[in-house]
Amino acid sequence: MDLSEIRLNPEQKLAVDTLNGPLLIIAGAGSGKTGVITSRIANMLNHGIPQSQILAMTFTNKAAKEMEARVKSLTGKKLTNLTISTFHAFGVKILREHYVDMGFRPNFSIYDTGDKISCLKEAARELKLKYENPELMELANMFAAIKTERQPWDNTIDQHKPLYKEYEEHMRIYNAVDFDDLIVLPIHLMEEHSDILEKYQNRFRYIMVDEFQDTSSIQYRFLHLMAEKYRNICCVGDDDQSIYSWRGANYGNILQFEKDYPELIEIKLERNYRSTGTILKAANAVIANNTNRKLKELWTEMSHNEMTIKHTLPDDDKDEGDFIASTIASLRMKEHMKYDQFGILIRTNSLSKAIEDALLSSNIPYTMSGGTSFFQRAEIRDIISYLRVINNPDDDVNLLRIINTPRRGIGKRALETLIDESQRHSQSLYSTMTSLLFSADSELSTKLRNGIAEIVDLVEDFKDRFKEAGALAATGVELVEEINYWEYLLQEHASNDKVAKWKNDNIIMFMDFMSRWEKNPDNLEPSLQKWLNRITLVTRDDTDDNEAGKVNLMTIHASKGLEFDVVFLAGVEKDIIPHERAIAEDPANVEEERRLFYVAITRARKKLYITSCLKRRQMREMIDSSPSPFLDEIPLELMEAMEIEEEVEDPKEAEQYFARLPWK
DNA sequence: TGCCGAGGCCTTTTT
DNA sequence: GGCCTCGGCA
């Protein structure tokens, strides 16, 4: 493909041609944003800007991958030096280059939320504090806010300072960093070492940021640091699609950007190329209820003979799933649509269950991305923990997870003694274990000594084996055999060996991912640590485009940036969207929930189906539900109530149906 | 002291 | 429906 073949409207063209100086692109949903960004990069390359000087920041790894593929097809060039990365992955890159300056050893671990909670729990135990899980999660969120400077210490929370300090100390001992560190540590590094800052400024003279509305204040500070000198920074965003404020996203960054770079050029992309007029009108009407937004109105020249938005009220979540499955099946038959043209969007992961059941029983292939993904399954986490410990034996959190899995006779009591011992010496558990093992006079019971020796031998043995080049996955398979994990699974699921088999299959699949990653020529010098870093930063299981030919089921959050010909928006009910907990936190959150609803609607190209159940299974019981108040914001003429076919035989029933509609 | 079974509880969204 | 915790047993 050639750049000149791409037809751009005047605003898009201006965006693509403006290569120097600060640029702000306000890009409405479906306005061809990705095309503009990739064309702009291609244009830079055509103008002789070296790949190595370009840094493009994206929000997800998936977006990064897609962007790279599109630039590749536009330019036909090999992109060995172009950096397209998420903020977090870029942080890892800097950490890998400068771990010494930051006080880490080379094989550092990256802790995800679960590891973080475990580490916090350990730290609390050390201080003889006991917290319930929800409290720990609250503390974890608070500490994240403090670390990223969203919240200062004050006398209402100062009591938690010791725990915070203890947590940080543990992380140092474990040679581990958390997600926030990946952003914060590079900033500190650059602020403290002007030579390093300058190195990065000179290296990346052209910076682009996608999904700018979802950057946090601290991420903005990072961008500003990097871009200040050459001022070639282009931010692309849409304040109406800001849906990550709970994670620190601050769309006020758009205003800050205008302040810091008063010379910037601002371009608005308001022409929508994605959706039908009906869908667009509905989206515009919904988002118009938000205050405090940059004014823009999307418009389209899409052809007519459009379908209205269809709304149905299934009796319960099972009916909802069945409705979606049968509609997909019939559209596929009647309109020859392919599975991957369908997207099913949900507000929370827990809503997926009933839909998945329905898709499965209708034999409709699907992928569920995000959420409790594959990598979170207990058996996969176990194996990952082994790999983490082999890579970084000081990683106590992961060592604790596997030290007695499968059973090695190292029980609770023994562990407590070991942990106390390591605390006394301010060293990691593993160091304590090795020194105990080699000191002759330690009073270890034979049983305990054997258990410890077993794990230490295993780690030392596999540390070497993994270092041998080119055999990551093969060594992984050997590891799984060595620890007898299959035996353990059988034992654990003695009553149901189908489960054991299923879990074992998952591990085989996991090893297969590893093998494919290892063999991919794009991954230069694959190593155990690189693989581990990668899988902690990738939640979405992007299994090398296995998704083709499957229906896409995902949360609304995960759908950002994607589009589908047909979208089903399920669970559009009171307390689900807007979510009750979001509103309970702060009633003002209704605006973000509305943006979420807006993002969901604008994913649809041609057809949009909305479902609201009247009852829904929650945990054990059936609870009553009612349609979301957001539905009232869609103009009546754009949306049509639709009966679920088999059910309405009786006119009376239809009458009742209409009586139940919220706007009647 | 380690292991196993019973009972309670829950995650809103993700790098 | 599954994971974690606690209490009793070997």
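All values reported here derive from a predicted model rather than from experimental measurement. Proteins get letters first, then strands, A, B, ... in listed order; numbering begins at 1 in each.
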Query raised in the report: Starting at the 5' end of DNA chain B, which residue's closest nucleotide do you reach first, F59(A) or H579(A)?
Result: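 The residue whose closest nucleotide sits nearer the 5' end is H579(A).
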Query raised in the report: Looking just at side-chain N and O atoms, do N250(A) and Y220(A) make a donor-acceptor pair shorter than 3.5 Å?
Result: no
If you only use heavy atoms from C-beta on, which nucleotide in [options] is closest to the side chain of [X]?
X       : options                  : value
K121(A) : dT14(B), dT5(C), dC6(C)  : dT5(C)
M137(A) : dC6(C), dT11(B), dT13(B) : dT11(B)
T348(A) : dT5(C), dC10(B), dT13(B) : dT13(B)

Query raised in the report: Any donor-acceptor pair under 3.5 Å between the side chain of R247(A) and the base of dT13(B)?
Result: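 Looking at the base of dT13(B), it does not pair with any donor or acceptor on the side chain of R247(A) (distance under 3.5 Å).
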**Report entry** Heavy-atom closest contact (R449(A) atom, L437(A) atom, distance)
**Finding:**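 Heavy-atom minimum between the residues: NH1-O, 3.1 Å.
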Any [X] side-chain nitrogen or oxygen under 4.0 Å from OP1 or OP2 of [N]:
X       : N       : answer
N133(A) : dT5(C)  : no
N349(A) : dT13(B) : yes
T113(A) : dT14(B) : no

Report task. Encode nucleotides 1-6 of chain B as B, S and - characters from 5' to 3', where the letter depends on protein heavy atoms closer than 4.0 Å: B to the base, S only to sugar-phosphate, - to neither. Result -> SSSS--
Query raised in the report: Base, sugar-phosphate alone, or nothing: which one does K116(A) contact when heavy atoms must sit under 4.0 Å apart?
Result: nothing
Query raised in the report: E132(A) near the nucleic acid: base, sugar-phosphate alone, or nothing, with a heavy-atom cut-off under 4.0 Å?
Result: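 Contact class for E132(A): none.
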Using whole Å, what does the distance between atom [atom2] of nucleotide [N] and atom [atom1] of [X] come to?
X       : N       : atom1 : atom2 : result
Q618(A) : dT11(B) : CD    : C1'   : 12 Å
N506(A) : dG2(C)  : CG    : P     : 13 Å
L136(A) : dC4(C)  : CG    : P     : 14 Å
H557(A) : dT14(B) : NE2   : P     : 7 Å
I117(A) : dC3(C)  : CD1   : P     : 18 Å
Q376(A) : dT14(B) : CD    : P     : 11 Å
M368(A) : dT13(B) : CE    : C1'   : 11 Å
L562(A) : dT14(B) : CG    : P     : 13 Å

Query raised in the report: Mind checking what makes side chain to side chain donor-acceptor pair (under 3.5 Å) contact with T58(A), not counting sequence neighbours?
Result: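 Side chain to side chain donor-acceptor pair (under 3.5 Å) check on T58(A) returns nothing, list empty.
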Requested in this report: Tell me, with the steps shown, if F510(A) and F513(A) meet ring pair (Phe, Tyr, Trp, His ring centres under 6.0 Å).
Outcome: CA-CA 5 Å; F510(A) 176 67; F513(A) 289 157; 7.3 Å; no
**Report entry** R413(A) bridged to E416(A) by N-O distance under 4.0 Å
**Finding:**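 Answer for the salt bridge query: yes.
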Query - Lys/Arg N to Asp/Glu carboxylate O, D115(A) vs R381(A), below 4.0 Å - result: yes
**Report entry** Ring centers of Y244(A), W246(A) separated by less than 6.0 Å
**Finding:**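 They qualify: ring centres under 6.0 Å apart.
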**Report entry** Heavy atoms from other residues, nucleotides or ligands near NZ of K530(A) exceed 12 (cutoff 6.0 Å)
**Finding:** yes
Query raised in the report: Using the rule for Phe, Tyr, His and the six-membered ring of Trp, do W246(A) and dT13(B) stack at under 5.5 Å and under 30°?
Result: yes
Query - DNA chain C: 5'-proximal contact among K353(A) and R401(A) (nearest heavy atom) - result: K353(A)
